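Read the structure below first, then the notes.
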Amino acid sequence: MAKPPVLTPQADDFPRWYQDVVAKAELADNGPVRGTMVIRPYAYAIWERMQADLDRRIKATGTQNAYFPLFIPESFLTKEAEHVEGFSPELAVVTHGGGKELEEPVVVRPTSETVINAYFSKWVQSHRDLPLLINQWANVVRWEMRPRLFLRTTEFLWQEGHTAHATEDEARAFSLRILNDVYERFMVDVLAIPVLLGRKTDRERFAGATNTYTCEAMMGDGKALQMGTSHELGQNFSKAFDTVYLDQSGEQVHVWQTSWGVSTRMVGGLIMCHGDDRGLRVPPELAALQAVVMVVRDEDGAGDQAAAICDRLKAAGVRAELDDRVDTSFGRRSVDWELKGVPIRIEVGPRDLAGGIVTLVRRDSGDKSPVPLGEVVERVQGGLSAIQSTLLAEATRRRDERTVDVTTVEDAVEAARTGFARMPWALLGEDGEGRLAGQGVSVRCLQASDGSVPSPADTDLIAIVARAY
RNA sequence: CGGGAAGUAGCGCAGCUUGGUUAGCGCGCAGCGUUCGGGACGCUGAGGCCGCGGGUUCGAAUCCCGCCUUCCCGACCA
């Protein structure tokens with residue numbers, strides 16, 4: 001008998017589908033204060049996996065973790081003109097503490113460039129102190145007009161890297177290294193999300209940066225999501241906070257800086273990039289739970305056999321879990337695991353065991369196949385790596401199919417209804433960018449003509465144009 | 001913050017137009033039994049400041065005012 005679909009189909013209403021997944025897969029709830037979010041255990045486990053992997057990659061660049069305060073004196077923000085202008089509309093400001101009005105209001109950090117520079121300026125004295133490479137995992141607050149779980153919440157979790165270098169070239173190279181070696185590799189290899197790398201236009205640049213680089217991904221509905229950014233800050237903050245070092249010739253020089261971050265928004269990107277009408281699809285590399293071993297009915301030793309299989313998978317390094325809740329119907333449990341996007345399900349029932357097999361179900365395709373008992377571990381391992389590649393291939397194919405070359409603003413707007421447009425920046429320009437904005441479309445990034453991140457000297461730039469989250 | 005829609009049990013909704021005594025339905029939840037290979041079924045039961053505050057009235061889920069929240073569309077953003 002046909003049941004109503006568990007989720008609103010993507011094709012009917014994508015935003016609704018997104019909310020359904022977040023609710024039904026038990027990922028998050030709205031917090032009691034507008035724009036805030038309660039991250040539930042299953043989604044938090046995904047975030048923890050993201051954190052662990054990124055943290056390792058960040059440390060591999062020589063960056064060290066530290067922690068700076070949540071509260072920042074309001075006066076710090078105002079030291080960098082563009083920065084304060086960019087952030088003031090979304091600041092949460094604390095005016096009272098200890099039952100009294102504060103002499104100087106304190107802002108809840110929207111990002112930490114300012115407070116970190118206040119300390120960098122103390123820590124950096126000599127060229128021997130450089131480069132200074134610091135990262136922090138923290139929450140930040142930006143008062144959002146239109147919040148959306150994971151994608152745009154008033155408080156979110158992220159990592160923010162902050163570095164100081166002796167030269168502009170070094171700083172630029174480092175911000176690109178983070179973009180390529182940390183962010184792109186993580187997103188492609190772990191999240192299985194293909195990303196376009198490029199430079200933001202002046203209009204989209206981070207407030208206080210001289211250059212903003214970005215990783216842009218295409219979601220299931222063809223809209224773009226900025227998955228991460230890396231900024232060159234030039235000497236804007238070092239001049240505002242007087243962060244200087246003595247170079248080899250004994251001269252005082254302002255440091256050149258970068259900052260870079262990725263946030264819990266990536267969880268939203270993961271949902272919208274890989275999710276289908278049955279729910280989430282978590283790439284195996286990322287999945288906290290890669291395989292679930294389901295006891296269909298505990299007869300003829302199915303329960304014991306399933307437990308043994310689960311143990312063998314764990315021993316082989318597969319992140320597996322046993323589902324022996326046989327008092328809940330089989331269909332119910334299957335639907336639940338599909339909603340949560342667990343890559344592989346192993347069904348163990350009397351019927352399988354009679355044939356000396358179990359049934360392996362792939363979440364990406366839904367394919368079911370019989371697997372001899374002795375081959376389960378190998379087949380699961382093979383399946384996991386196949387699913388990882390399939391998810392990346394599917395996302396890449398969608399992105400390529402939905403990206404078209406255009407030469408006019410009208411065509412770009414039309415293309416942005418379903419995907420990305422590539423348009424020569426020389427033809428678009430800031431005027432064209434303004435016209436796009438009027439249509440709810442933006443320039444996601446600029447690329448060199450070969451699709452790489454442009455250097456400042458590059459001309460012949462291509463604008464990637466899309467609607468964005 | 002502008003334009004639209006909506007807040008009634010955990011979730012989805014009806015009731016409101018035309019005020020009336022005990023506020024319903026589906027799903028979910030608890031107990032028991034029968035089931036179990038794709039959201040099982042039956043019986044019994046628990047669960048409501050009807051978003052919040054004020055007003056009108058003998059009486060408000062229902063009418064009026066204000067506020068808050070959520071969703072969609074715009075301006076801003078990781």
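As the structure is a computational prediction, the values presented were derived from the model and not from experiment. So that the names make sense, note that chain A is the first sequence line, chain B the second, and so on, each numbered from 1.
For a distance-only test at 3.5 Å, the side chain of K368(A) fails to qualify as a donor-acceptor partner of the base of G37(B). A donor-acceptor contact under 3.5 Å links the side chain of R345(A) to the base of G38(B). No donor-acceptor contact under 3.5 Å links the side chain of S329(A) to the base of A40(B).
Atom name C1', nucleotides G37(B) and C73(B): the rounded distance is 46 Å, in whole Å. Nucleotides C65(B) and C25(B) place their P atoms 33 Å apart, quoted to the nearest Å. With P as the reference atom, G7(B) and G15(B) are 10 Å apart, rounded to whole Å. Distance noted for atom C1' between U18(B) and C63(B): 11 Å (whole Å). Spacing of C1' atoms, A9(B) relative to C29(B), comes out at 11 Å, to the nearest Å. Atom name C1', nucleotides U17(B) and A61(B): the rounded distance is 14 Å, in whole Å. Between C71(B) and U35(B), the distance separating the two P atoms is 46 Å to the nearest Å. Between U44(B) and A5(B), the distance separating the two P atoms is 43 Å to the nearest Å.
In this structure, R467(A) atom CZ and C77(B) atom C1' are separated by 18 Å, rounded to whole Å. When rounded to the nearest whole Å, the span between CZ of R332(A) and C1' of C36(B) equals 14 Å. Per the geometry, CZ belonging to R16(A) stands 10 Å off C1' belonging to C11(B), to the nearest Å. Atom-to-atom, CG of D367(A) to P of G38(B) comes out at 17 Å; the value is rounded to the nearest Å. Between L149(A) atom CG and U70(B) atom P there is a gap of 10 Å when expressed in whole angstrom units. Per the geometry, CD belonging to E85(A) stands 15 Å off C1' belonging to C77(B), to the nearest Å. When the C1' atom of C11(B) is taken as reference, atom CG of D29(A) falls 11 Å away, rounded to whole Å. One interatomic measurement links the two molecules: CG of L7(A) to P of C27(B), which rounds to 19 Å at whole-angstrom precision.
No engagement by G269(A) is indicated, since no non-hydrogen atom pair under 4.0 Å with the nucleic acid exists. Contact annotation for T359(A): base contact, defined as any heavy-atom pair under 4.0 Å involving a base atom. Among the heavy atoms of the strands lying under 4.0 Å from R278(A) is at least one base atom, whether or not backbone atoms are also near. If you check every strand for non-hydrogen atoms under 4.0 Å, A23(A) touches nothing. Among the atoms of the strands shown, none is found under 4.0 Å from any heavy atom of G261(A). At a threshold of 4.0 angstrom between heavy atoms, the contacts of V326(A) include nucleobase atoms, whether or not backbone atoms are also involved. Counting non-hydrogen atoms under 4.0 angstrom, Y183(A) reaches nothing in the nucleic acid.
Remark: aromatic rings of F120(A) and H162(A) are distant, center separation not under 6.0 Å.
Projected onto RNA chain B by closest heavy-atom contact, P147(A) and D352(A) fall at different nucleotides, the more 5' of which corresponds to D352(A). Residue P350(A) is the one, among F206(A) and P350(A), whose nearest nucleotide of RNA chain B lies closer to the 5' end (criterion: closest heavy atom).
Closest contact between the side chain of D336(A) and the listed nucleotides C72(B), C76(B), G39(B) involves G39(B). Checking C76(B), U70(B), G37(B) against the side-chain heavy atoms of E144(A) singles out C76(B) as nearest. Taking every side-chain heavy atom of N30(A) into account, U70(B) is the closest of A78(B), G37(B), U70(B). Out of A78(B), G37(B), C72(B), the shortest distance to the side chain of R297(A) is found at G37(B). With C77(B), G37(B), G38(B) as the candidates, the nucleotide lying closest to the side chain of E338(A) is G38(B). Distances were taken from every side-chain heavy atom of T153(A) (C-beta onward) to each of C71(B), A78(B), G39(B); the shortest belongs to A78(B).
Taking 4.0 Å as the cut-off between side-chain N and carboxylate O, K223(A) and D221(A) do not count as a salt-bridged pair. Using a 4.0 Å cut-off between charged nitrogen and carboxylate oxygen, D323(A) and R325(A) count as a salt-bridge pair. Ion pairing between R332(A) and D327(A) fails under the 4.0 Å rule for side-chain N and carboxylate O. Between R333(A) and D336(A) there is no salt bridge, since no side-chain nitrogen of the basic residue lies less than 4.0 Å from a carboxylate oxygen of the acidic one. Salt-bridge check for D53(A) with R57(A): passed, with a basic side-chain N closer than 4.0 Å to an acidic carboxylate O.
T210(A) places a side-chain N or O within donor-acceptor distance of the main-chain N or O of E232(A), the cut-off being under 3.5 Å.
Pair assignment for A75(B) gives none, since no Watson-Crick or G-U wobble pairing has each distance under 3.5 Å. Under the Watson-Crick or G-U wobble criterion, with both distances below 3.5 Å, G42(B) is paired with C32(B). Pairing for C13(B) goes to G24(B), judged as Watson-Crick or G-U wobble with the two contacts each under 3.5 Å. A5(B) is paired with U70(B) under the Watson-Crick or G-U wobble criterion, all donor-acceptor distances under 3.5 Å. G47(B) is unpaired under the criterion used here, namely a Watson-Crick or G-U wobble arrangement in which both key atom distances are under 3.5 Å.
Here R265(A) does not reach the OP1 or OP2 of C77(B): none of its side-chain N or O atoms lies under 4.0 Å away.
You can call F156(A) stacked on the base of A78(B); the centres are under 5.5 Å apart and the planes sit within 30°.
When each of T212(A), L179(A), N211(A) is checked for a side chain to side chain contact (heavy atoms under 4.5 Å, CB included) with R199(A), only N211(A) meets the rule.
Surrounding CD of E82(A) are more than 12 heavy atoms belonging to other residues, nucleotides or ligands, all under 6.0 Å away.
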